Amino acid sequence: MNPNDTIRLLILNDSQAEAERLISMLHNAGRPNRAQHVTAEDSLIKLLEEQAWDLAIAHDNTENLSPAKAIQTIRRLNKDVPMLLLTDEEGSLPIVEGLKLGAHDVIRLDEDQHLLMAINREIINRQQRQDKRIAERRFRESERRAQSLLDSSRDAIAYVQDGLYLYANESFAELFGYDDKDDIDCMPIMDMVADSDQKKLKEFLKNFTLKGVDSESTQLTFQGLRQDGKTAEISLDVAHATYDEEPCIQFLARATRNDGVSAQELEAVKSKDVVTGLYNRSFMLSHTDKVIDNLADGQSRALLYIDINDFADTVQSRLGVSGADAALDDLSRLFDSQLKEGETLARFGDTSFTLLTTQTTAKDAVKHADELCHKVAEHIVEVNSKTLQLTASIGVSIINENSVSAETVIEQAIDAMEKARASEEASALLYEPPMSDEEKEEKDILSEVQNALDNDLFRLMFQPIISLRGSDDEYYEVLLRLANEKGEEVSPTRFLESAAEAGLGTKVDRWVILESIKMLAEHRAQGSNTKLIVNLNRASICDDSLLPWLGVAFKAAKLPTDAIVFQAPEIDVTNHLNAAKALNNGLKKLGSAFAISSFGCSLNPFNTLKHVDAPIVKVDGSFTQDIQSKSESPEALTQLLQELHEGEKITIVPYVENASVLSTLWQAGVHYIQGHYLQEPSESMSYDFNMEG
């Protein structure tokens with residue numbers, strides 16, 4: 001779930017004031033939400049059956065609807081709605097009791113930061129559970145398709161467990177002269193092996209079972225015994241597999257080639273590097289993937305990526321191509337001499353090698369890599385009576401239950417190797433995940449905001465707001481954008497919230513207002529009567545000096561005061577009712593207007609309008625998004641709009657992304673619409689409003 005997505009929240013609390021405080025706290029923390037205050041089981045059932053919910057927060061002493069009853073109802077309806085409990089009590093007892101009830105966490109009432117972290121965790125966990133369910137459905141479908149392919153495959157395939165056949169397809173049965181594959185089910189594998197080769201097969205399977213993916217061979221040729229008593233030479237490709245959720249061994253059987261070259265010999269040639277005789281890149285990728293697939297929880301191996309420093313300048317320029325190959329062969333023998341039992345070495349690139357260890361720890365793997373670096377540095381390479389001393393840089397990547405693929409593991413090892421090469425202190429380094437983009441952005445965002453203010457690096461975007469009622473007014477909403485040093489756009493939600501927390505909110509707003517006034521004055525000078533809607537943050541709502549400053553700014557630009565509407569989110573208006581009321585009245589006297597955006601998400605949104613009688617209301621975008629993307633009923637939106645129109649409010653509906661919702665909005669009497677379907681934000685006020693007429 002994207003941090004900017006609206007959280008669907010159920011609140012179980014006897015106190016509506018506390019419920020509203022929770023909603024406000026989440027909005028202030030940058031987590032938009034649409035909440036329902038639930039006070040009865042019937043209403044909870046109705047809400048759960050009508051739509052999906054992300055989270056429930058309850059006080060552990062709620063009497064109207066107890067948390068225990070709510071959790072029982074959620075389970076009975078088979079809904080995935082994690083429950084967080086708030087408690088006034090100290091100590092571990094309420095936590096233990098809450099967890100016994102089935103709550104996902106129990107948090108002290110006044111510990112909002114703890115609550116925010118728990119909410120983030122549960123939202124992420126819920127998304128992961130949903131992803132897991134989707135993956136399981138796809139997995140089952142894949143298994144069905146795989147079974148169908150096995151049954152119809154022309155390759156002879158069988159699965160073996162504890163010396164018995166679990167499954168064999170028709171081709172496998174035909175290879176051994178059986179008319180029906182069911183005749184092979186549960187048959188001992190030795191019944192289909194000639195007496196002379198039974199010992200050979202037993203030893204091979206014993207070695208393969210014990211060593212798994214580290215077995216020296218995965219292929220075997222033996223004399224197979226057909227149903228009619230005749231023998232046939234059979235070549236088996238053997239692999240670990242899972243069949244019907246049971247670990248087993250897969251047999252892929254083929255008749256031996258007539259030209260005397262076995263499949264095993266061909267595979268050996270394909271997997272070797274011609275210069276060094278080591279395994280090659282393709283083998284190492286395949287082998288590492290097998291290791292990852294068969295790694296048990298708690299097991300840990302490591303991949304070392306070894307690169308010879310300055311090989312082209314140091315070796316190739318002095319010895320030529322053939323001499324360079326000889327040097328690589330010399331180094332391969334050095335690495336091979338240092339191999340421990342069970343380790344796998346490969347030449348991976350022109351000047352690089354990879355080494356896959358057996359069970360190890362990160363500390364031991366780095367120590368092993370350091371030792372190899374010292375061995376290379378001490379080693380003297382001699383080619384054609386010329387001697388060279390080389391150095392190596394090694395990156396170490398740990399393979400455990402969290403590893404996904406060989407490519408990822410090797411990329412991590414290469415990243416660590418490059419850092420080791422650039423380091424003056426270490427020649428071998430363990431891969432460490434980089435800081436996330438979010439962490440980097442959080443660290444740099446305030447300096448970027450300040451830098452943007454100092455050097456006019458912000459930019460304004462304009463999105464048209466289109467009349468559905470034939471009005472001649474031309475409106476654009478002003479949207480602020482900021483790009484970081486890499487030219488990547490920073491989420492407005494993030495940098496505006498950070499700016500507000502750092503006390504830069506009023507500075508940012510005033511920069512936007514001045515630029516908007518300047519650009520609008522230039523635009524209107526061309527003969528239009530365009531108006532702008534400019535957003536204010538909570539710091540500006542509470543800024544007593546804003547109104548007189550606006551009067552001066554309008555006068556200096558010779559711009560009529562009704563040319564700009566000032567807009568603030570419902571949550572900020574609700575949290576600062578007195579200041580918002582004064583701002584609304586002051587703008588009215590100034591000749592401008594006040595608008596409330598993101599309307600309809602609080603528990604009692606119309607209570608806000610009783611105090612702050614703003615003439616323009618923009619409903620929250622989640623209403624439109626749910627109708628369009630989740631095919632939800634428009635009833636909640638149309639009811640909200642009906643009440644607004646009864647109060648003679650001018651309404652704006654944002655996030656119109658396709659034409660399907662337009663008829664609903666028209667019938668609901670909406671005055672203005674906004675969204676990407678009409679036009680995306682652009683750097684100029686160039687929309688043709690006459691086209692809508």
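Heads up: numbering here begins at 1 and tracks the sequence. Nothing here was measured: the structure is a model prediction, and the numbers come from that model.
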Original post:
ring-ring contact (aromatic ring centres under 6.0 Å, His included) with His104: which residues, sequence neighbours excluded?
Top reply: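 With neighbours one apart ignored, the set is empty.
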**OP:** List for me each residue that meets ring-ring contact (aromatic ring centres under 6.0 Å, His included) alongside Tyr476, sequence neighbours excluded, and say none if there are none.
**Re:**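 Applying ring-ring contact (aromatic ring centres under 6.0 Å, His included) to Tyr476 gives Phe689.
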Residues two or more places apart in sequence or in another chain: which of them pass salt bridge (charged side-chain N to carboxylate O under 4.0 Å, His left out) with [X]?
X	answer
Lys518	none
Arg133	Asp80
Lys419	Asp415
Glu477	Lys618

For [X], enumerate each residue passing the side-chain hydrogen bond (donor to acceptor under 3.5 Å, both in side chains) test, keeping only those at least two apart in sequence or located in another chain.
X	value
Arg121	Asp105
Lys46	Glu50
Thr408	Ser405

**OP:** Report the residues that fulfil side-chain contact (heavy atoms from CB on, under 4.5 Å) with Met25, sequence neighbours left out, ordered by chain and then residue number.
**Re:**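 Testing Met25 for side-chain contact (heavy atoms from CB on, under 4.5 Å), a comparison that skips the adjacent residues, returns Leu22, Asp112, Leu115, Leu116.
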Subject >> side-chain contact (heavy atoms from CB on, under 4.5 Å) between Thr608 and Leu577, intermediate numbers included >> reply: CA-CA 8 Å; Thr608 301; Leu577 280 176; 4.1 Å; yes
Quick one: does any side-chain atom of [X] pair with a main-chain N or O of [Y] as donor and acceptor, under 3.5 Å?
X	Y	result
Gln679	Tyr687	no
Gln628	Tyr655	yes
Arg469	Trp666	yes
Thr62	Asn64	no
Arg34	Ile7	no
Asp14	Glu63	yes
Ser592	Ile564	yes

Original post:
Considering residues, nucleotides and ligands other than Asp131, do more than 12 of their heavy atoms fall under 6.0 Å from its CG?
Top reply: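 Correct, the count exceeds 12.
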Original post:
Taking everything shown except Asp472 itself, do over 12 heavy atoms lie less than 6.0 Å from its CG?
Top reply: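 Open.
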How long is the straight-line distance from [atom2] of [Y] back to [atom1] of [X], given to the nearest 0.5 Å?
X	Y	atom1	atom2	result
Leu536	Ser597	CG	OG	9.5 Å
Asn578	Ile541	CG	CD1	12.5 Å
Leu644	Ile616	CG	CD1	12.5 Å
Thr73	Asp42	OG1	CG	9.5 Å
Ile107	Asp60	CD1	CG	11.5 Å
Thr651	Gln642	OG1	CD	12.0 Å

Original post:
Stepwise, does the side-chain contact (heavy atoms from CB on, under 4.5 Å) test hold for Phe462 with Met519?
Top reply: CA-CA 11 Å; Phe462 303 91; Met519 295 179 74; 3.6 Å; yes
Taking the side chain as C-beta and beyond, is there a heavy-atom pair between [X] and [Y] under 4.5 Å?
X	Y	answer
Lys531	Asn529	no
Glu680	Met461	no
Ile119	Ile57	yes
Lys649	Ile596	no
Gln127	Asp54	no
Ile74	Trp53	no
Leu640	Phe606	yes
Gln51	Leu47	no

Original post:
What ring pair (Phe, Tyr, Trp, His ring centres under 6.0 Å) pairs are there with at least one residue in residues 617-653, not counting sequence neighbours?
Top reply: His645-His671
Using every non-hydrogen atom in the two residues, find where [X] and [Y] come nearest and quote the distance to one decimal.
X	Y	answer
Ala668	Thr638	CB-CG2, 4.1 Å
Leu532	Ser516	CD1-O, 3.7 Å
Pro82	Arg126	CD-CD, 3.9 Å
Leu468	Ile673	CD1-CG2, 3.6 Å
Leu55	Val81	C-CG1, 3.8 Å
Asn33	Cys601	O-CB, 3.4 Å

Subject >> Chi angles and distances behind the side chain to side chain donor-acceptor pair (under 3.5 Å) call for Ser471, Tyr672 >> reply: CA-CA 9 Å; Ser471 171; Tyr672 293 92; 3.1 Å; yes
With a 3.5 Å cut-off and sequence neighbours excluded, list the donor-acceptor pairs that the side chains of residues 545-562 form with protein atoms.
| residue | atom | partner | partner atom | Å |
| --- | --- | --- | --- | --- |
| Ser545 | OG | Arg510 | NH2 | 2.8 |
| Ser545 | OG | Asp543 | OD1 | 2.7 |
| Ser545 | OG | Asp543 | OD2 | 3.4 |
| Thr561 | OG1 | Leu590 | O | 2.8 |

Original post:
What's the verdict on side-chain contact (heavy atoms from CB on, under 4.5 Å) for Gln674 and Gln463, showing C-alpha distance, side-chain angles and the deciding distance?
Top reply: CA-CA 8 Å; Gln674 176 184 6; Gln463 187 170 37; 3.1 Å; yes
Subject >> Arg421 bridged to Glu418 by N-O distance under 4.0 Å >> reply: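 No.
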Original post:
Looking only at side chains, do Asp572 and His27 share a donor and an acceptor under 3.5 Å apart?
Top reply: no
Original post:
Can you check side chain to side chain donor-acceptor pair (under 3.5 Å) on Glu570 and Ser598, steps first, answer last?
Top reply: CA-CA 6 Å; Glu570 177 195 46; Ser598 302; over 6 Å; no
Subject >> Steps toward side-chain contact (heavy atoms from CB on, under 4.5 Å) verdict (Leu496, Asn537) >> reply: CA-CA 8 Å; Leu496 288 174; Asn537 63 50; 5.5 Å; no
